[in-house]
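For ligands, and for the atoms within them, numbers begin at 1 and follow the listed sequence. Heavy-atom basis, side chains included; hydrogens, waters and symmetry copies ignored. FYI, the numbering just counts along the sequence from 1.
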Amino acid sequence: MDFNKIGLSSLSDFPDLPTPPPYKIKMVEFTEIPPIEERRKILKEAGYNVFNIPSEKIYIDLLTDSGTSAMSDQQWSALMRGDEAYASARSFFRLKEVIHEVMGYEYVIPTHQGRAAEYLTFNALDLKKGDFAVSNQFFDTTRANVEVRGAKAVDLVVEEAYDLKRELPFKGNIDIEKLESFVSENEGKVKIIVLTVTNNSGGGQPVSMENIRQISEIARENNIPFFLDAARFAENVYFIKNRERGYGDRDLKEIAREMFSLADGVLVSGKKDGLVNIGGFIALNDKELYWKIRQLMVVTEGFPTYGGLAGRDLEALAQGLREVLNEHYLRSRIEQVAFLGKLLEKQGVPLLKPFGGHGIYLDGLSFASHLPREQWPSHATACAIYEYSAIRTVEIGSLMFAEKKDGEWIWPKLDLIRLAIPRRVYTLDHIFYIANSIGELYRNRHEIKGLRMTFEPPVLRHFNALFEPIE
Ligand code: F0G
């Protein structure tokens, strides 16, 4: 192997190899690397928005880890068992049983994906103007579902979460003092606490069991419903086992049950740790809230036993939830992500530490430090990564979160480029290709061109914005 290609001079510079995964590959999907001239043309046609790049023109797709995982042979077989009855299908009861087993909740409501679970729950809780929903950090759809109802979404993650270089084991924690004072200052107005595990917007960082327990106590004392946004619950559980004192010898399933027992329920996008391409659910113990949601959902999602999904989707999700707490799998997954982080770090690429559970987040402001923020340095870097290597990544920074007040931009603290790693999809060879390509681009970073926004959508700007390069 030519170590210089990855910007490392000898084998001794190499980080330890990650644990190999507990599976082998049964089916493959071909991909190719379009020639550089074609990639430049594609970027131009896409209006320099990575969401517009046709996926067949992408060699490695790190846009998201959501809905992009590979299903197992067991999941594909489960599809055949799907009971497509409109109401009270066998597949629903199978899913309910697995969720009860893994999470311990009584009531289960399937939804077509995570954001529908958010929409229904905030509706049923009647969030409105003057109300607050509090989180460590809301994910963008969760925030949008609070704010479309006129309520305010408040992030109370620990201050260290905004410091890219601080290496703390649980940077996804809520600041407990801030939570206590916010709740007491706004008595009766905090209608829900939603804890995102792991914290996606903050770099895939976990929340400790101790923090969850403290939040739970505050929620119970103040009679506030406490839900986990549990899209990446298994990765959070793995981090608790490996980083929190007292959990090292415990079984992952036991840790998961303890974590869920501290909350009143979960809002879940099954597209991450559910290991499926589509699907989500709400699970909870509150009978009254459950009945409210049941009645609301028939209008948009479908009958409460299928919630916008086919019976076969429910089967695949049930099987995925059974598979995901496999310790060997989680170790190889999280070590694979960290290995990419270490290869990039060794080449000096600026990034967020510690490495996240589902991806590596690059620091766009340092990567393209020659570009002013008005030229979207992180987004420009994401476009340059595609041009350079046919790898798609995504900006999670200014383009996604900056606000405009009286014509002036207010920039968010973090300006990142996320390399989200789909589950069970890419091999170590792919990881080397990613590390090599991004390392090389970093060494030539002065070539990254700034971008000018030519179309600025009023909401969820990043999905539809268009750009042109500044020559
Ligand atoms: N909560 C979190 C923490 C998420 O990361 C997502 C989606 C959702 C809720 C919404 O779930 O997509 O099933 O409706 N995250 C994806 C991502 C889109 O790329 O991080 P959904």
Side-chain angles (χ1 to χ4, degrees), residues 50-51 55 58 61-69 109-122 133 135-148 153 155 157 161 171-172 174 192-207 227-237 239 263 265-283 297 300-301 307-309 313-314 316-317 320-321 337 352 356-361 382 392-397 399-401 414 416-423 425 460 462-463:
V50 294
F51 287 93
S55 90
I58 290 165
D61 201 350
L62 308 182
L63 179 71
T64 179
D65 62 322
S66 178
T68 52
S69 299
I109 296 159
T111 59
H112 76 273
Q113 60 185 87
R115 63 199 73 183
E118 296 156 11
Y119 174 81
L120 289 170
T121 306
F122 302 157
S135 180
N136 44 352
Q137 242 178 319
F138 280 100
F139 180 68
D140 61 359
T141 60
T142 326
R143 176 181 306 282
N145 272 307
V146 169
E147 294 185 342
V148 289
D155 292 344
V157 71
K171 264 170 116 176
I174 276 193
I192 185 169
I193 299 173
V194 182
L195 185 72
T196 316
V197 292
T198 58
N199 179 17
N200 186 12
S201 313
Q205 302 294 317
V207 181
F227 278 71
L228 301 176
D229 175 346
R232 299 179 180 83
F233 73 94
E235 290 168 7
N236 202 80
V237 164
F239 282 122
V266 283
L267 311 175
V268 181
S269 165
K271 299 169 73 174
K272 287 86 170 170
D273 279 347
L275 300 171
V276 286
N277 306 118
I278 194 70
F281 60 92
I282 304 165
M297 72 181 297
T300 54
E301 290 289 293
L309 295 170
D313 299 327
L314 303 175
L317 179 55
L321 291 170
V337 172
L352 186 147
H358 65 292
I360 297 300
Y361 292 60
R392 175 160 64 176
T393 59
V394 72
E395 193 255 30
I396 300 213
L399 180 56
M400 205 176 261
F401 299 119
L414 296 181
L416 308 169
I417 302 130
R418 183 179 73 175
L419 281 53
I421 311 294
R423 295 165 183 77
V425 171
L460 292 172
H462 52 289
F463 289 121

At what distance, to the nearest 0.5 angstrom, does CD1 of I193 lie from CG of L228?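 Going from CD1 on I193 over to CG on L228, the span is 11.0 Å.
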
Could you tell me the residue and atom name of the protein heavy atom closest to atom 10 (C) of ligand 1, and the distance to it rounded to 0.1 Å?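 Result: T141 OG1, 3.5 Å.
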
Heavy-atom nearest neighbour in the protein, as seen from atom 9 (C) of ligand 1, with distance rounded to 0.1 Å: E118 OE2, 3.2 Å

Is the closest N or O pair between T198 and ligand 1 shorter than 3.5 Å?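 No; the residue has no nitrogen or oxygen that sits under 3.5 Å from a nitrogen or oxygen of the ligand.
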
Hey, does A231 come in under 3.5 Å of ligand 1, counting only N/O atoms on both sides? no

Closest approach of any protein heavy atom to atom 21 (P) of ligand 1, naming residue and atom: Q113 NE2, 3.3 Å

Any nitrogen or oxygen of R418, main chain or side chain, under 3.5 Å from a nitrogen or oxygen of ligand 1?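 Yes.
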
Can you tell me which residue among R115, Q113, E118 is in a side chain to side chain donor-acceptor pair (under 3.5 Å) with T141?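 When R115, Q113, E118 are each tested with T141, the side chain to side chain donor-acceptor pair (under 3.5 Å) holds only for E118.
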
Any atoms of ligand 1 less than 4.0 Å from a non-hydrogen atom of G114? List them with their elements. 11 (O), 13 (O), 14 (O), 21 (P)

Would T196 and Q137 count as having a side-chain donor-acceptor pair, cut-off 3.5 Å?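 The answer is no; no qualifying pair exists.
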
If we only consider heavy atoms of K272, is any one of them less than 4.0 Å away from an atom in ligand 1?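 Contact check K272 vs ligand 1: positive.
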
Ligand 1 to T64, heavy atom cutoff 4.0 Å, flagged ligand atoms 17 (C), 19 (O)

Test side-chain contact (heavy atoms from CB on, under 4.5 Å) applied to R423 and L275, step by step: CA-CA 8 Å; R423 295 165 183 77; L275 300 171; 3.5 Å; yes

Checking H358 against N200: is there a side-chain donor and acceptor pair closer than 3.5 Å?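 Yes, a side-chain donor-acceptor pair sits under 3.5 Å.
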
N or O contact, D65 vs ligand 1, cut-off under 3.5 Å: no

Does an N or O from T196, backbone or side chain, lie closer than 3.5 Å to an N or O of ligand 1?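 Such a contact does not occur with ligand 1.
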
Got the closest protein heavy atom to atom 11 (O) of ligand 1, with its distance?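 Atom 11 (O) of ligand 1 sits closest to the protein heavy atom S269 CB, 3.3 Å.
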
Which distance, rounded to the nearest 0.5 Å, do you find between the CG of D229 and the CG of L195?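 Rounded to the nearest 0.5 Å, the CG-CG separation comes out at 8.5 Å.
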
Regarding N199 and Q205, do their side chains bring together a donor and an acceptor under 3.5 Å, going by distance alone? no

Once you measure the plane-to-plane angle for F51 and H462, does it fall in the parallel (<30°), tilted (30-60°) or perpendicular (>60°) bin?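 Plane angle between 30° and 60°, so tilted.
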
So R418 and L63, do their side chains get closer than 4.5 Å, heavy atoms only?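 No, every pair of side-chain atoms sits at 4.5 Å or beyond.
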
What residue and atom, counting heavy atoms only, is the protein's closest point to atom 8 (C) of ligand 1, and at what distance? F139 CD2, 3.6 Å

Which ligand 1 atoms does K271 reach within 4.0 Å, using its non-hydrogen atoms?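 Here the atoms of ligand 1 in question are 13 (O).
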
Are any of the side-chain nitrogens in R232 or D273 under 4.0 Å away from the carboxylate oxygens of its partner?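 Salt bridge: no.
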
Closest protein heavy atom to atom 1 (N) of ligand 1, given as residue, atom name and distance to 0.1 Å: D229 OD2, 2.7 Å

Are any of the N or O atoms of R115 closer than 3.5 Å to those of ligand 1?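 Between R115 and ligand 1 (N or O atoms, distance only) the closest approach is under 3.5 Å.
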
